[in-house]
Amino acid sequence: MGGARTALFNWLYARRNSGTFILRIEDTDAERSSADMVAGILDGMKWLGLDWDEGPGIGGPHAPYFQSERYDRHRAAAASLVADGRAYYCYCSAERLRQERERAEARGVAWQYDRQCLNLSAARIAELEAANTPRATRFKVPPGKTAFDDVVHGRIEFDGDHIEDFVIVRSDGHPIYHLSVVVDDIDMEITHIVRGDDHISNTPKHVLLFTALGATLPVFAHVPLILGADKKRLSKRHGATSVMEYERQGYLPDALVNFLALLGWSPGDDREIMSRRELIASFALEGITGSNAVFDVAKLDWMNGQYIARMPLEQLTNAVVPLLVRDGLWPAGASVDDWLLRLIELLRPRAKRLTDFVDQARPFLVETVEYEQQAIHSHLKVPHLSEHVTAVARALRDVVPFDEPHLETAVRQTAEQRDIKAAPLIHATRVAVTGRTASPGLFEVLVLLGRERTVARLEQLAAFLATQT
RNA sequence: GUCCCCAUGGUGUAGCUGGCCCAACACGCUGCCCUUUCAAGGCAGAGACCGCGGGUUCGAAUCCCGCUGGGGACGCCA
């Protein structure tokens, strides 16, 4: 989600300023990168409607857009840095570095590379090379301060003493992320880097590289992180993490985009429900807050409900149908008819997520309903209810026309004739046709269900009640 | 431990060129209305001495310092 929000900010900024939104896949780490992961990112972006102007699938003047296909450029840049004396080879073994780090940690101190390989003699280097010792490439961090102006945080300064001589090319020849991003950003003519706050401490390294490579600095904007309800960084523990998981849970892309845009950013006024157009028109990096934001599912649900409430009925129905099909409640390929449209409209004010429709539509789409335990307890413990229900069934069999006012009159009259209140009869009828304690207005439900099913279910309940006593 | 970022009610934000703020909007929460239930909707309300402590000033949520708290980064990961 954090990544999606960051992508959204980038997209909004590019669209607002008629810029170019470039999608580059940073798959430098073979172990963590996979086709699945990439597909997940692309699917998520597409679903959210964050279209890119250059990148995977569509290409562009700065191709290729997979970082792993740009290694040669990265290595060339590293070589030039070594040639310029701005980087050097490091022959230290991973084992040695690990031990040093552990030793330092045991003392509660942070360890930085000790520059053992910075001043190796020519003879020593020749010796190591002759022995075919694996070598990594390290950037030689110059003394003094490194600073940059961040659009959301202002000026941020780091002391060179706190930046170690970081590796830019591994001993196996693979470039490290820091080198790759900077080289690619330069090559791709990136003007604005909008990314998560967690990169802020990497930025001085990047600034150093931009400078060493003779490039001008892009604009940096580090956006705050999204936290879970426990104020910890959003992760698997907090439930859904991937964008597509939210689709599965019944959220609308427009609602999620709107919600995400308001996490850490505000247009400066009180607007909350904002279309993409409005979002784009109002977006500015300056409106991004500096503090982390907690992801509040309750508010997302509310917002999704707002979008459901405002969606054109046909569009909404078309979005729900696949879910109904998935649950076997609606035949695949069947066309949307007027009856379905009316059902969706009836359920609409009660739905926060698309999946709510599935649950609520069930009684209308299955042959026989099951009575909830709670419903039996609350509404079926009425004396002589079986006979009452039978009477209702009989009354409704003859109601003409089978519409709300006539149905209501019929039920109320039945109650009157049997000298009981209407409420218990209405509740029992609800249980008969839906099996539940809660549903949309009963008479609307009956109309939608139709005479045949209504009467059948009432008789069914009467029979059920008869066996209970 | 070191470095960096942040700090307005439970949550997201507005206000932050100081006075219009004994703090606004939204979600959530509570109650009422509507009502056959559940929602939706309408109305009302509770909830923040603007993290704490010092300054500066006639006056500070708004400026400065310290503290505390939260978060992030400290990898031949990205």
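We use all heavy atoms of the structure for the numbers below, so side chains are in, but hydrogens, waters and symmetry mates are not. Quick note on labels: first sequence line is chain A, next is B, and so on, each numbered from 1.
- Closest to the side chain of A:Tyr177, from the set B:C76, B:A78, B:C4, is B:A78.
- Residues satisfying the side-chain hydrogen bond (donor to acceptor under 3.5 Å, both in side chains) test with A:Gln413, not counting sequence neighbours, are none.
- Taking only distance into account, the side chain of A:Asp197 never meets the base of B:A73 through a donor-acceptor pair shorter than 3.5 Å.
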| query | For RNA chain B, what is the dot-bracket line, given that a base pair needs Watson-Crick (N1 to N3, plus N6-O4 or O6-N4) or G-U wobble (N1-O2 and O6-N3) geometry with both distances under 3.5 Å, and | means paired with another strand? | reply | ((((((((.[[[[.)...(....]]]].(((((.......))))).....[[[[[..)....]]]]])))))))....

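- An OP1 or OP2 oxygen of B:C25 is reached within less than 4.0 angstrom by no side-chain nitrogen or oxygen of A:Arg271.
- Scored by the side-chain hydrogen bond (donor to acceptor under 3.5 Å, both in side chains) test, A:Asn10 finds no partners at all (sequence neighbours excluded).
- Looking at residues two or more places apart in sequence or on another chain, you find no side-chain contact (heavy atoms from CB on, under 4.5 Å) involving A:Glu105.
- The CG-P distance, from A:Leu300 to B:C27, rounds to 14 Å in whole Å.
- The phosphate of B:G75 (OP1 or OP2) has a side-chain N or O of A:Arg101 nearer than 4.0 angstrom.
- In this structure, A:His199 reaches the bases: a heavy-atom distance under 4.0 Å links it to at least one base atom across the strands shown.
- Closest heavy-atom contact between A:Arg16 and A:Ala281: NE-O, 3.1 Å.
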| If the sugar-phosphate is the primed atoms plus P, OP1 and OP2 and the base is the rest, what is the B/S/- string for nucleotides 35-51 of chain B, using protein heavy atoms under 4.0 Å? | -BBBBSS----------

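- Distance from the side chain of A:Ser171 is smallest for B:C76 among the nucleotides B:C76, B:G71, B:A78.
- Contacts of A:Ala422 classified as side-chain contact (heavy atoms from CB on, under 4.5 Å), with partners at least two apart in sequence or in another chain: A:Arg412, A:Ala415, A:Ile426.
- Across all strands, A:Gln112 comes closer than 4.0 Å to no nucleic acid atom at all (heavy-atom distances).
- Residue A:His153 places at least one side-chain N or O under 4.0 Å from the OP1 or OP2 atom of B:C6.
- Of the candidate nucleotides B:A78, B:C3, B:G1, B:A78 has the atom nearest to the side chain of A:Ile176.
- With both ends at atom C1', the span from B:C65 to B:U57 equals 16 Å, rounded to whole Å.
- Remark: A:Ser93 pairs with no residue by the side-chain hydrogen bond (donor to acceptor under 3.5 Å, both in side chains) rule, at least two apart or across chains.
- The residue among A:Ala94 and A:Ile200 whose nearest nucleotide of RNA chain B lies closer to the 5′ end is A:Ile200.
- Along RNA chain B, the nucleotide nearest A:Asp159 and the nucleotide nearest A:Val152 are compared for position; the residue whose nucleotide lies closer to the 5' end is A:Asp159.
- Using a 4.0 Å heavy-atom criterion, one finds that A:Leu97 contacts the bases of the nucleic acid, with or without backbone contacts as well.
- A:Pro349 pairs by the side-chain contact (heavy atoms from CB on, under 4.5 Å) definition with nothing, not counting sequence neighbours.
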| request: Could you encode protein contacts along nucleotides 7-16 of chain B as a string, one character per nucleotide from 5' to 3', using B for base contact, S for sugar-phosphate-only contact and - for no contact, with a heavy-atom cut-off of under 4.0 Å? | output: S---SSSS--

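- Across all strands shown, A:Arg107 has no heavy atoms under 4.0 Å from either base or sugar-phosphate atoms.
- Among A:Tyr307, A:Trp302, A:Phe295, A:Tyr251, the single residue meeting the ring pair (Phe, Tyr, Trp, His ring centres under 6.0 Å) criterion with A:Phe259 is A:Phe295.
- An OP1 or OP2 oxygen of B:C77 is reached within less than 4.0 angstrom by a side-chain nitrogen or oxygen of A:Arg170.
- Straight-line distance between the C1' atoms of B:A61 and B:C21: roughly 8 Å, to the nearest whole Å.
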Let me check something: any side-chain donor-acceptor pairs from residues 380-395 of chain A under 3.5 Å, sequence neighbours excluded? List them with distances.
from     : atom 1 : to       : atom 2 : distance (Å)
A:Ser386 : OG     : A:Ala462 : O      : 2.8
A:His388 : ND1    : A:Arg418 : NH1    : 2.7
A:Thr390 : OG1    : A:Ser386 : O      : 2.8

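- Between the side chains of A:Glu129 and A:Tyr89, not a single donor N or O lies within less than 3.5 Å of an accepting N or O.
- Taking A:Asp150 as the reference, A:His222 meet the side-chain hydrogen bond (donor to acceptor under 3.5 Å, both in side chains) condition, with sequence neighbours excluded.
- A:Asn202 comes within 4.0 angstrom of a base, heavy atoms only.
- Evaluation of the side-chain contact (heavy atoms from CB on, under 4.5 Å) rule for A:Asn292 yields A:Asp197, A:Pro224, A:Leu225, A:Leu227 as partners, not counting sequence neighbours.
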